[in-house]
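Working notes for the structure below.
As a basis for the values below, the full set of heavy atoms in this structure was taken, side chains included, without hydrogen atoms, waters or symmetry mates. We count residues from 1, following the sequence as given.
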Amino acid sequence: MRTWSDSPFPSREELSGVPEGKEISRDNGESRLVYEIKGSPGWLAKLYKRPADAGRTSDLQRLVYLPTAMSQADQDLVDRCLAWPTTRLYDGSDLVGVVMAKAPDGFYAPLKALSGWQDPAPLPLDWLMKPADKCAQVGLRRPDLDLRLRAVEELLAVGDLFARHDIVYGDWSYRNALWNQHTGEVFVIDLDSCGIGSREWVESPGWADPLFPDRSRRPTVASDSYKLAVLTVRCLTAQRQDPLEALSAVERSKGDTSLVGLLRRTLTATRLEDRPKCAELLEAVRRIRGTTASAGPSATSGTSGSGAGADNVTTWVKVGPTAGTARPAEATPASRTSGTTRAASGASGTDGAAASNVTGSVNLRDRSAARSPASAPKPSPSSSGSGRPGPGSGSAAATGGSGMGATPTPGSLPPTSHTPRPAARSTSRAAARRAAMARGGSGRTSQTAASRRPRRHPVITMLLGAFCALIAALCIARYVLGWI
């Protein structure tokens, strides 16, 4: 069951709509009663000792709706690791409680006592603070380093989620998270008391933050990062006392030096801005365990540079003319990878005409702007029968052959119904004129007809001009002599 997505209740419900079922606890902390809702197994109603004030009412409303704005990876983490408040319970105009999911069965276990095995009970994270022999005495699995690292990774993933959404938990301790003895997973409870940006003062004994020495400063995500670092060293070493002594134990165990350095910076920083982010601790733990993020925002955000964006291209992009041209047939994967990538990378001829005869699909996965230009195909020296270079490297690459107008080789381009363009330059002007006359037909313009009139040789033109001038001179001379 998903602890937020599978909620059967609306975001706001009247108290009468959640009938009381099995009692879970009474007068525990800020709650007067926690019970399993009758007819809705796995869902709990938590009723407060007094109605929520305006500030808490606002924060709870935002918390209930916040997962709708999260990425899918963050929603998955919420559904797996958090008792997220899903419904606000009202008694008239008063906010008197919330609905949340019950922890999954893996976070419960029967404990062995002198009187025998007890009923399954929640396993708080406190069991990681006990010696392994003590766990074995009550029938629990001995927590090894791998289980401890898994628990720490889960806690830091939750802390990173909170930090990215400006959620202040505040009350980090052993009792506010449950532990799965078989997988090492954790389940964080009491989220309905979280604040957005900050929250009212709350702190368990032994968790004092040196940069928040009194109640004059409201807890923030910066104080949460300190308490998560304390929780990390204590979970890894089962030492409850001074966190710096626990950190020394981690160093002696020859743990990952980057994690130790980050933890020491967090525990000893004298300024809030000097504390490492929770995401940094999380990545250090994941390096030790050899795990990776599940595509959450923290793993991918902030990338930049010439190659940015190449890794998130996951499709084929069609190239070629878009109007008045038949669409190419679908290409096989083999033809896509062998030929069309060459066509796309080479479609940059000097005359700009090569791009229009590129057809097919181009696989853009893993392509990067930093790709070496050496990978682009070069035109073959035999691209023209007369030894002249072709119209551009793109033209030769797009047709897939070494000569102009060459038939593409199998696999170089996907099957297509598109007719290749004629060669960019004919072998003779006479052939070009004949082709133009054939295309022109009866609709040719006067400009076209004039352009095809035979031109006189310059010498003949000059001789004709001289002859005409001589005739004119004789006529003028005869006229003058006759007048005299």
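Under the 4.0 Å criterion applied to side-chain N and carboxylate O atoms, R150 and E154 are assigned as salt-bridge partners. We find that D209 and R275 are joined by a salt bridge, their nearest charged nitrogen and carboxylate oxygen being less than 4.0 Å apart.
Taking both residues in full, the closest heavy atoms of N176 and D171 are given as ND2-O, 2.7 Å, listed atom of the first, atom of the second, then distance.
Atom CG of D79 sits about 11.0 Å away from atom CG of D74, to the nearest 0.5 Å. Here the CZ atom belonging to R32 is positioned 11.0 Å from the NZ atom belonging to K49, to the nearest 0.5 angstrom. Within the model, atoms CZ of F187 and CG of L82 stand 7.0 Å from one another, a figure rounded to the nearest 0.5 Å. Note: R218 CZ to F212 CZ = 11.5 Å, rounded to the nearest 0.5 Å. In this structure, the separation between CG on L44 and CD on E36 is 6.0 Å, given to the nearest 0.5 Å.
The shortest side-chain heavy-atom distance between V152 and L281 does not fall under the 4.5 Å cut-off. Here the side chains of Y226 and L272 are not in contact, with every heavy-atom distance at 4.5 Å or above. Side-chain atoms of V98 and L63, non-hydrogen and from C-beta on, never get closer than 4.5 Å to each other. Residues L123 and L140 form a side-chain contact, since some pair of their non-hydrogen atoms from C-beta on lies under 4.5 Å apart. Put simply, the side chain of V34 does not reach to within 4.5 Å of the side chain of N28, judged on heavy atoms. Between Y174 and W207 there is a side-chain heavy-atom pair separated by less than 4.5 Å. Residues R141 and C135 form no side-chain contact, since every pair of their non-hydrogen atoms from C-beta on lies 4.5 Å or further apart. Here the side chains of P85 and V99 are not in contact, with every heavy-atom distance at 4.5 Å or above.
Ring orientation note: the planes of F162 and W84 are tilted relative to one another, at an angle of 30° to 60°.
Panel note: side chain T3, backbone A83; no donor-acceptor pair is recorded below 3.5 Å. The backbone N or O of G55 lies less than 3.5 Å from no partner atom in the side chain of S58, so there is not a single donor-acceptor pair. Judged by distance alone, with hydrogens and angles left aside, the side-chain atoms of D224 form a donor-acceptor pair with the main-chain N or O of G170 at under 3.5 Å. Judged by distance alone, the side chain of E283 and the main-chain N or O of E280 form no donor-acceptor pair under 3.5 Å. Put simply, the side chain of D274 never gets that close to the backbone of A269: no donor and acceptor are under 3.5 Å apart. Between the R148 side chain and the L128 main chain, a donor and an acceptor come within less than 3.5 Å of each other. Proximity of a side-chain donor or acceptor of D94 to a complementary backbone N or O of V96 within less than 3.5 Å is not detected. Judged by distance alone, the side chain of R199 and the main-chain N or O of Y169 form a donor-acceptor pair under 3.5 Å. Using modelled atom types, one side-chain atom of S225 and one backbone atom of A222 make a donor-acceptor pair closer than 3.5 Å. Between the D160 side chain and the L282 main chain, no donor and acceptor come within less than 3.5 Å of each other.
Checked against side-chain hydrogen bond (donor to acceptor under 3.5 Å, both in side chains), D126 has the following partners two or more places apart in sequence or in another chain: K130, R240.
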*Hey, mind stepping through M100 and L191 against side chain to side chain contact (heavy atoms under 4.5 Å, CB included) and telling me if it holds?*
CA-CA 9 Å; M100 56 189 176; L191 268 79; over 6 Å; no
_Does E30 form a side chain to side chain donor-acceptor pair (under 3.5 Å) with S193? I'd like the steps, not just the answer._
CA-CA 9 Å; E30 64 179 1; S193 61; 4.6 Å; no
*Check the pair L125, W172 against side chain to side chain contact (heavy atoms under 4.5 Å, CB included), reporting the backbone distance first and the verdict last.*
CA-CA 11 Å; L125 201 63; W172 289 104; over 6 Å; no
*Verdict with supporting geometry, Q72 and D76, side chain to side chain donor-acceptor pair (under 3.5 Å)*: CA-CA 6 Å; Q72 187 59 54; D76 292 342; 2.9 Å; yes
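Annotation: D144, atom CG; neighbour count of heavy atoms from other residues, nucleotides and ligands within 6.0 Å is above 12.
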